*Asks:* 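Below is a structure I'd like to ask you about.
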Amino acid sequence: QVQLVESGGGLVQAGSSLRLSCAASGRTFSSNCMGWVRQAPGKEREFVAAISGAGSRTTYADSVKRPFTISRDNARNTVYLQMNSLKPEDTAVYYCAAGSVSWTSSNLNTYPYWGQGTQVTVSS
């Protein structure tokens, strides 16, 4: 059974940093794109960042391109999202997702596996 478990969310002040982690189990995703997606209250899920299977390529939403960094450790079957300079508009539930392709993808339909999400709240 495939599981993606996120951790690292919390309540922080604007300008702070958080590092989200996503540990995968049940199968190896070293050849698959991994991504982070967020959903703010009352809004649709929004692509945040993705990393290719080998970790050589990354893609970011324009809104997070500079302060956020996605990385992965295939030996640990884990993907990370380092979030710096957080803003109140970054408040959302952040989901980890494993893709069906090896390259980076911002198309949420290419992610068949999803975690339960971790809450990130940024106060002003």
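Since the model is a prediction, treat every value here as computed from it, not as a measurement.
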*Asks:* Could you state whether V12 and F68 fall into the same hydrophobic cluster, counting links through intermediate Ile, Leu, Val, Met, Phe, Trp or Tyr residues with side-chain heavy atoms under 4.5 angstrom apart?
*Replies:* yes
*Asks:* Are R38 and Y95 packed together at the side-chain level, in the sense that at least one heavy-atom pair is separated by less than 4.5 angstrom?
*Replies:* no
*Asks:* side-chain hydrogen bond (donor to acceptor under 3.5 Å, both in side chains) between R19 and N84: does it pass, once the steps are laid out?
*Replies:* CA-CA 9 Å; R19 188 194 195 204; N84 298 327; over 6 Å; no
*Asks:* Closest heavy-atom contact between S105 and T110?
*Replies:* OG-OG1, 2.7 Å
*Asks:* Is R76 atom CZ crowded by more than 12 heavy atoms from other residues, nucleotides or ligands, each under 6.0 Å away?
*Replies:* no
*Asks:* Rounded to the nearest 0.5 Å, what's the gap from CH2 on W36 to CG on L81? Could you check?
*Replies:* 6.0 Å
*Asks:* When you look at CD of Q116, are more than 12 heavy atoms from neighbouring residues, nucleotides or ligands closer to it than 6.0 Å?
*Replies:* no
*Asks:* Do any N or O atoms from the side chain of E6 and from the backbone of C96 form a donor-acceptor pair under 3.5 angstrom?
*Replies:* yes
*Asks:* Answer with yes or no whether the hydrophobic clustering places Y60 together with F47; edges join I, L, V, M, F, W, Y residues whose side-chain heavy atoms lie under 4.5 Å apart.
*Replies:* no
*Asks:* Same cluster or not: W114 versus M34, using hydrophobic residues (I, L, V, M, F, W, Y) connected whenever any side-chain heavy atoms lie under 4.5 Å apart?
*Replies:* no
*Asks:* Are V79 and L20 connected in the hydrophobic side-chain network, where two residues link if heavy atoms are under 4.5 Å apart?
*Replies:* yes
*Asks:* On the 0 to 90° scale, with breaks at 30° and 60°, tag the F29-Y113 ring pair as parallel, tilted or perpendicular.
*Replies:* perpendicular
*Asks:* Only one of T69, D73, I51 passes side-chain contact (heavy atoms from CB on, under 4.5 Å) with Y80; say which it is.
*Replies:* D73
*Asks:* When you measure from the side chain of N32 to the backbone of G99, do you find a donor-acceptor pair of N or O atoms at a distance under 3.5 Å?
*Replies:* yes
*Asks:* I need the W103 CH2 to S56 OG distance, nearest 0.5 Å.
*Replies:* 13.5 Å
*Asks:* Walk me through whether T121 and Q119 qualify under side-chain hydrogen bond (donor to acceptor under 3.5 Å, both in side chains).
*Replies:* CA-CA 6 Å; T121 303; Q119 177 70 48; 3.3 Å; yes
